Amino acid sequence: MSIKSGRGRPTKYTTSTSGRVIKYTNDCLEIGIFPTFEGLATYLGVGTRTLYDWELEHPGFSQTMEKVRDTQRQLLITNGLTGSYNTRFAMFLLKANHGMSEKDPLISATQNSYMNISPDLLADALELMHGRETE
């Protein structure tokens with residue numbers, strides 16, 4: 001059953017589309033290939049832009065697309081850590097497509113958590129403090 005989109009030719013989106021997405025994802029996992037939105041679009045006979053339009057128009061499909069993203073993220077993390085995927089490429093995809101980023105540390109190696117004091121200066125201060133305690 002096709003659902004009318006209200007513009008242009010009838011949409012290829014049907015009530016079974018989400019099930020077909022899950023089948024595509026499971027088939028990919030079964031044969032050991034990474035499920036992509038480009039592959040999904042080809043499988044469904046639409047363009048990737050259509051997938052993103054459907055995601056905005058159909059809440060149920062939006063959840064299905066999120067499941068595909070979760071699967072991708074899990075594969076990239078697990079296989080990137082084990083070396084099954086090129087680690088740098090896995091990191092690139094996680095940053096580019098999955099909102100992950102490297103965070104700067106809150107405290108740099110040359111600072112303590114209270115002030116911008118170098119470790120050398122802090123060591124000198126501690127030495128002075130310990131010297132006064134022994135007097």
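Every value quoted in this text rests on a predicted model; they were computed, and no experiment measured them.
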Results of side chain to side chain donor-acceptor pair (under 3.5 Å) for E55 - residues two or more places apart only: R69

Co-membership, hydrophobic cluster, residues L93 and Y52, 4.5 Å side-chain: no

Neighbour count above 12 (heavy atom, 6.0 Å) for F92 CZ: no

Euclidean distance, N97 CG relative to L76 CG, rounded to 0.5 Å: 8.5 Å

For T25, side chain to side chain donor-acceptor pair (under 3.5 Å) partners two or more places apart: none

Any donor-acceptor pair under 3.5 Å from T78 side chain to Q74 backbone: yes

Sequence neighbours excluded - ring-ring contact (aromatic ring centres under 6.0 Å, His included) pairs with any residue from residues 60-83: Y13-F61, W54-F61

L94 side chain near R73 side chain, heavy-atom distance below 4.5 Å: yes

Residues in side-chain contact (heavy atoms from CB on, under 4.5 Å) contact with I33, at least two apart in sequence or another chain: C28, I31

Check: T17 side chain, T14 main-chain N or O, donor-acceptor pair, under 3.5 Å: yes

Residues in side-chain contact (heavy atoms from CB on, under 4.5 Å) contact with N86, at least two apart in sequence or another chain: R88, F89

Shared hydrophobic cluster for F34 and V21 (ILVMFWY, side-chain gaps under 4.5 Å): no

Residues which pass side chain to side chain donor-acceptor pair (under 3.5 Å) with K23, listed by chain and number, not counting sequence neighbours: D27

For T82, all residues meeting side-chain contact (heavy atoms from CB on, under 4.5 Å), sequence neighbours excluded: N79, S84

Qualifying residues under side-chain contact (heavy atoms from CB on, under 4.5 Å), relative to K95, sequence neighbours excluded: M91, E102

Side chain to side chain donor-acceptor pair (under 3.5 Å) against T71, all qualifying residues, sequence neighbours excluded: none

For I22, the rest of its hydrophobic cluster, which grows through side-chain links under 4.5 angstrom: none

Nearest heavy atoms of A90 and G80, plus distance in Å: CB-CA, 4.1 Å

K67 bridged to D70 by N-O distance under 4.0 Å: no

Partners meeting salt bridge (charged side-chain N to carboxylate O under 4.0 Å, His left out) with R20 (sequence neighbours left out): none

Name the atoms and distances for all side-chain donor-acceptor pairs under 3.5 Å in residues 35-50, with sequence neighbours left out.
unit_1, atom_1, unit_2, atom_2, d
T36, OG1, G39, N, 2.8
T42, OG1, E38, O, 3.1
R49, NE, D53, OD1, 3.4

